[in-house]
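Comments concern the structure below.
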Amino acid sequence: MPPASLLDAFRQRLDTDPEAPFLHLVTGNRTETLSHERLALAASRWARRLVADGCQPGDTVVIVLRHGAPLYTAFLGALMAGCVPSILPFPTHKQDPRLYWQAQDALLRRIRAACIITDPENAARLRALVPESGTRMRLPGDEESVPPLLAWRAGAGADIALLQHSSGTTGLKKGVALSHAAILAQLDAYAAAIGFEAGDAVASWLPLYHDMGLVACFLLPLVKGGAVASLDAFEWVARPAMLAEAIAAHRARWCWLPNFAFEHLARTRRPEERHDLSSIRAFIDCSETCRPGSLDRFAAAHADCGVTPAQLQCCYAMAETVFAVTQTPPGAPAPRLSLSAAGLAAGRAVPAGPGEAATTLLSVGRPVAGLQLRIQDGAGNVLPEGRVGEVAVRGECLFSGWHRAPVASVAAFDAEGWYRTGDLGALVGGELVITGRRKEVIILHGKTLYAADLEAIAHQVPGVHPGRAVALGVPNPASGSEDLVLVAETPATDPADRQALQRALRAAVEAVTGLSGTIAALRPPGWLVKTTSGKLSRAENLAKYLTEAA
Amino acid sequence: MTTDEAMRGLTEVFRAVFHRPDLVLDPAWSAADLDGWDSLRHVALILAAEARFGIRLPAEATGGLETIGDLATAVAAAA
């Protein structure tokens, strides 16, 4: 039997039911629906365009496109041509495009794409960055002048299907290489774990450059006979009710959201805007710490829309396993574990005794089929149930390595093929709870950032010196996510000078990353805690910041 | 409503949304001038302003708002 390809199911659907809708693109008040056939026609024109441009099987095609049909058709077209698509975010209107593309420069140089497909507003700057004639640039519309490619050259099996750059802040992002086999193994296991059925619709505002958006909300319905109602992330933030409208309009069964979105939806619910959400089998909380209060507030604010606790589930996922590592089963509320607070502080996840101070954590479920999970200590020794340690995974849906980083890729797996996730957790009765992560990782609204990248941005601001700034992720119960706090030492005492420095720090982060809302915490020289070897101790700085803020 | 009246009401709104009871607003301020003013907080500000003044600020009106002064102008026009 020939190895299976990500496009096999799509091709079959084209034979059996070409007019079946796949994509409902929601923009403002309009919805454009694309059938499988329409999608395939446009995609196969992209495929012909790429082949005619000289793109070879295995070549990377970088896609930097706004929410719209070309994002989906260019991605599928790249797969059809046997190329390896990689979707990257575009600069937001608040970002300085020059700074943004400068930050992407290192990444683009490493990727060495055969083609970049982007919107006209990015073309000039991108062209300036990748002047080598080896990288073509194409805009939506360029595919309309060529006939469709009828003989697809799609990869299969161990061939790399796509690159994911979810984590990281700037050009230091690593490209997670995912094979057709790994992706198909994940989709089979995940569909089974949640009970995804042919005909199911997904409602989503998640960007496709994020693994949850790409895998759960595009590839899963594509391969498992479903459909997706897709919203623009920026539109949704400003008008969160769009999601409920889309769920009701398309009788969506599935919706994946980072934890902060549950709070945002609860907080922005207008009583007069009521939509029927009873079609949903599960709202799945994933991409950042799942907080019980956030689910509770969401459920309470939408009880009159048919939302029940049994619809609220949790998932623990990462690009390195394609998507889901664990998932709670739909149909019953995601389990909550009342654990001894003192025990957790001592590295033990044990039920709280009567009268004992307890911490309630949501279970993120059990491993999906084909994936093995274990908890290990710093030396790689396996820890038993109830002990907090690093989560390690192994299985068919693991990544093939990081793109153009062969040494790091080999080093990522231990001798028995286990991958260390960097997250801390414990198994309690077979359920996984996540208790923390490496301190150099900050997860903001579901986006994984590296503290070092943010500190590098801070160092560029006049008045901030290397070693004199630290980036911290501070949990914010009100937002259901974390706040990015940049602590910078400064001798400045004049209020106007301090305000200007704070403004400069916030603006620098936004210009490079597009992230607004940075908390610029100025402290006197000598405030930051360092280890004896002179390195910044993130854990101690976080503790000091929190102690002083209390 | 005058923009001065709008600014007074917005001061209450910002103080509540940012949990800063002593905050004094500068109409020239935009998102980069306050800790924690991200896109989600922005939506919370709009909703709180609507509730405070009993108005609706449609998405098209709030999309281009850059400064607090802009917001005060929009509120004064809608109230």
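All heavy atoms count here, side chains included; hydrogens, waters and symmetry mates do not. Predicted model only: the values in this text are computed from it and were never measured. To find a chain, count down the sequence lines: A is the first, B the second, and so on, and within it residues start at 1.
- Residues A:Arg506 and B:Asp33 are not paired through a salt bridge, judged by the lack of any N-O separation under 4.0 Å between the basic side chain and the carboxylate.
- Side chains of A:Val237 and B:His42 form no contact here, defined as non-hydrogen atoms less than 4.5 Å apart.
- Between the CZ atom of A:Arg267 and the CG atom of B:Leu47 there is a distance of 9.5 Å, given to the nearest 0.5 Å.
- Counting non-hydrogen atoms of neighbouring residues, nucleotides and ligands closer than 6.0 angstrom, the CG atom of A:Asn29 reaches no more than 12 such neighbours.
- Atom CZ of B:Arg20 has 12 or fewer neighbouring heavy atoms from other residues, nucleotides or ligands inside a 6.0 Å radius.
- Taking a 6.0 Å sphere around CZ of A:Arg274, one finds it holds 12 or fewer heavy atoms contributed by other residues, nucleotides or ligands.
- In this structure, the portions of B:Leu40 lying under 4.5 Å from any heavy atom of chain A include both its backbone and its side chain.
- Heavy-atom distances place no part of B:Ile46 under 4.5 Å from chain A, backbone and side chain included.
- Neither the backbone nor the side chain of A:Phe234 has a heavy atom closer than 4.5 Å to any heavy atom of chain B.
- Across all non-hydrogen atoms, the minimal contact from B:Asp35 to A:Thr518 is OD1-O, 3.7 Å.
- Only one option out of A:Ser516, A:Ser479, A:Ser481 pairs with B:Asp38 in a side chain to side chain contact (heavy atoms under 4.5 Å, CB included); it is A:Ser516.
- At a 4.5 Å heavy-atom cutoff, the contact between A:Gln499 and chain B is made by side-chain atoms alone.
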